Amino acid sequence: MKIIAANSNPPLAEAIAAYLNLPLTAATIRRFSDMECFVEIQENVRGEDVFVIQSTSYPANDNLMELLVAMDALKRGSARRITAVLPYFGYARQDRKSGPRTPISAKLVANLITVAGADRVLTLDLHAGQIQGFFDIPVDNLLAEPVFVRNIRDSYDNGSLTMVSPDVGGVFRARAFAKRLDADLAIIDKRRERAGVSEVMHVIGDVKGQDCILVDDIVDSGGTLCNAAVALMENGAKSVAAYATHGVLSGGAVSRISSSSFTKLVTTDSIMQTEAMRVSSTLEQLTIAPLIGEAMLRISEEKSVSSLFD
Ligand code: R5P
């Protein structure tokens, strides 16, 4: 078993390597002066079971290209099996035609990953589960839920806890959290009037006097969560916090969230923390390195991955 870290999230790759008690395989990833990327694997990988760790987060296209080029190098170096480990799968939100003459970029990216040489994919909280079907190779989709649930149990007395889905599409996830935590469930009925702007309409469920926890897969601009927080407070919530697996946090998201009514926003380290995130007293990051490391070990040893979530 060998682990290669591309450049998107070195701290996570190092933490995974530490969990597995394995060194990262020596590799050089550099740019030509026109920004083409070049990868050279500096150890023999012939016949090896290789895992390439790369989130296709900002800058999404550069990080995606690094992943593809690294896998091509491994394939040509005769690796026995290549697993693309994508803690964050960028482009996942483009999972259907949003209008006439628009792409399904998640499918295109799945094709690129496969053609570049991946034999399997390991990822976390895919935006839409059906993206697994965009691949004709095995996909293991891990859940951050156990990591989040443990943290919520440690932080809250669940007497007045309500798990909240920020939109109708996320009800399944919020319900799973509510079930594990024996908490109530509420749903935000969100209407998006135009692309990029999210608007909250109303809260389904009674949140008066409740500690509300919003759960989502992605927080990007923060608009969805901040609007939901306003609606919850207006409906009498005692406090509002949020747990979102992937902290994309683009544009002014960190300051928007920091100046909102959230007691905290908890993300995982699927995307590397920026300095702005690190200094914000509202933002917290939990590591998913042991979860990903354990899944990699089980894949390598041909053991069940799903039993991690029993
Ligand atoms: C939407 O379907 C997703 O689950 C997230 O709610 C959305 O991507 C968050 O985006 P933003 O933070 O920009 O509102």
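We count ligands from 1, going down the list as the structure has it; atoms in each ligand are counted the same way. The structure displayed is predicted, hence computed values, not measured ones.
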Proximal atoms of ligand 1 relative to D216 (non-hydrogen, under 4.0 Å): 3 (C), 4 (O), 5 (C), 6 (O)
task: Identify the two heavy atoms, one from S280 and one from V254, that lie closest to each other, and give their separation to 0.1 Å.
output: CB-CG1, 4.1 Å
task: Report yes if some heavy atom in the side chain of S57 is under 4.5 Å from a heavy atom in the side chain of N9; otherwise report no.
output: no
statement: The single option from E145, K264, E284 that satisfies side chain to side chain donor-acceptor pair (under 3.5 Å) with Y243 is K264
statement: CD1 (I131) and CG (N141) are apart, to the nearest 0.5 Å, by 9.0 Å
message: Only heavy atoms of D217, strictly under 4.0 Å: list the atoms of ligand 1 that pass.
response: 3 (C), 4 (O)
query: With a cut-off of 4.0 Å, which atoms of ligand 1 are near a heavy atom of R93?
result: 8 (O)
query: What are the atoms of ligand 1, with element, lying closer than 4.0 Å to any heavy atom of T224?
result: 6 (O), 9 (C), 10 (O), 11 (P), 14 (O)
query: Roughly how far, to the nearest 0.5 Å, is the OG1 atom of T83 from the CD1 atom of I4?
result: 12.0 Å
query: Going by distance only, is there an N or O of G222 that falls short of 3.5 Å from an N or O of ligand 1?
result: yes
